[in-house]
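The chain is numbered in sequence order, starting from 1. Please read all numbers here as calculations on a predicted model, not as lab measurements.
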Amino acid sequence: MLCFAVPVLAQDCKGYYYLLNNAEIEMSIFDAKGTASGKSVYKVTNVRREAGGTVSDFTNTFYDKSNKQVTSGTGHFKCTGNGVSIDMNFQMKMMGQGIPMKLSAVEWFAQDFGPVKTLSSKDGKDMGGTMITALKK
């Protein structure tokens, strides 16, 4: 499970791509050397108003560099006037077993749009990252 919150100044939530009903977001995945190693496709399935903010549900499917599905998961995005939060559930499988991993991440976040690029590390070592490569509204 991955959960994080990003404090931001008051904003209009409707511009975030995670809040565009039926949007599909493709993010390319890069290894530590910057070589494309797969992609992640997010599909926003339900956008609604809830307790002081706007919330969406989404699915997330990971594909390897041969475009073969590796794993999938679900998540929720919430935007209020004070910030945004993302809660994602997915499990990477290796040899049929789920392997828990703890990573640190740095995210480039475009105000009123969403995260556009990430870099991940484990124990100070670069593990790769992601970058938006397509957005269908």
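Interatomic distance, Y42 OH to F77 CZ, rounded to the nearest 0.5 Å: 11.5 Å. Rounded to the nearest 0.5 angstrom, K43 NZ and I25 CD1 are separated by 11.0 Å. The OG atom of S40 sits 3.5 Å away from the CG atom of N60 when rounded to the nearest 0.5 Å. If you take OG1 on T54 and NZ on K78, they are separated by 9.5 Å, rounding to the nearest 0.5 Å. Between the CG atom of D64 and the OG1 atom of T71 there is a distance of 12.0 Å, given to the nearest 0.5 Å.
In this structure, the salt bridge (Lys or Arg N to Asp or Glu O under 4.0 Å) partners of K136, at least two apart in sequence or on a different chain, are E24. Looking at residues two or more places apart in sequence or on another chain, you find a side-chain hydrogen bond (donor to acceptor under 3.5 Å, both in side chains) between K39 and N67. A search for side-chain contact (heavy atoms from CB on, under 4.5 Å) contacts involving T118 returns E107, T130, not counting sequence neighbours. Qualifying side-chain contact (heavy atoms from CB on, under 4.5 Å) partners for F30, counting only residues two or more places apart in sequence or in other chains: S28, A36, M131. For the side-chain contact (heavy atoms from CB on, under 4.5 Å) test, residues two or more places apart in sequence or in another chain that qualify with K33 are D31, T35. In terms of the side-chain hydrogen bond (donor to acceptor under 3.5 Å, both in side chains) criterion, residue partners of E50 (sequence neighbours excluded) are, by chain and number, R48. D126 pairs by the side-chain contact (heavy atoms from CB on, under 4.5 Å) definition with A32, not counting sequence neighbours. Partners of E26 by side-chain hydrogen bond (donor to acceptor under 3.5 Å, both in side chains), not counting sequence neighbours, listed by chain and number: T133.
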How far apart are the C-alpha atoms of I132 and K117, what are their side-chain angles, what is the distance that settles it, and do they pass the side-chain contact (heavy atoms from CB on, under 4.5 Å) test? CA-CA 7 Å; I132 288 182; K117 181 179 177 181; over 6 Å; no
Begin from the C-alpha positions of S72 and T59 and carry the test side-chain contact (heavy atoms from CB on, under 4.5 Å) through to its verdict. CA-CA 7 Å; S72 62; T59 62; over 6 Å; no
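Taking every heavy atom of both residues into account, T45 and F58 meet most closely at OG1-N, 4.0 Å. Contact between V47 and N21 at its shortest, heavy atoms only, is N-OD1, 3.5 Å. The minimum heavy-atom distance linking V116 with Y17 is given by the pair N-OH, 4.5 Å.
Residues M27 and L135 share a single hydrophobic cluster, defined by chaining ILVMFWY side chains whose heavy atoms lie under 4.5 Å apart. Note on Y16 and V44: same hydrophobic cluster, where clusters join Ile, Leu, Val, Met, Phe, Trp and Tyr whose side-chain heavy atoms are under 4.5 Å apart, directly or indirectly.
The ring pair (Phe, Tyr, Trp, His ring centres under 6.0 Å) analysis of residues 118-137, with sequence neighbours excluded, yields no pairs. Sorted by first and then second residue, the ring pair (Phe, Tyr, Trp, His ring centres under 6.0 Å) pairs involving residues 116-137 (not counting sequence neighbours) form an empty list. The ring pair (Phe, Tyr, Trp, His ring centres under 6.0 Å) contacts involving residues 114-137 comprise nothing, where partners must be two or more places apart or lie in separate chains.
Taking the side chain as every heavy atom from C-beta outward, Y63 and V70 never approach each other to under 4.5 Å.
Panel note: side chain S56, backbone Y18; a donor-acceptor pair is recorded below 3.5 Å.
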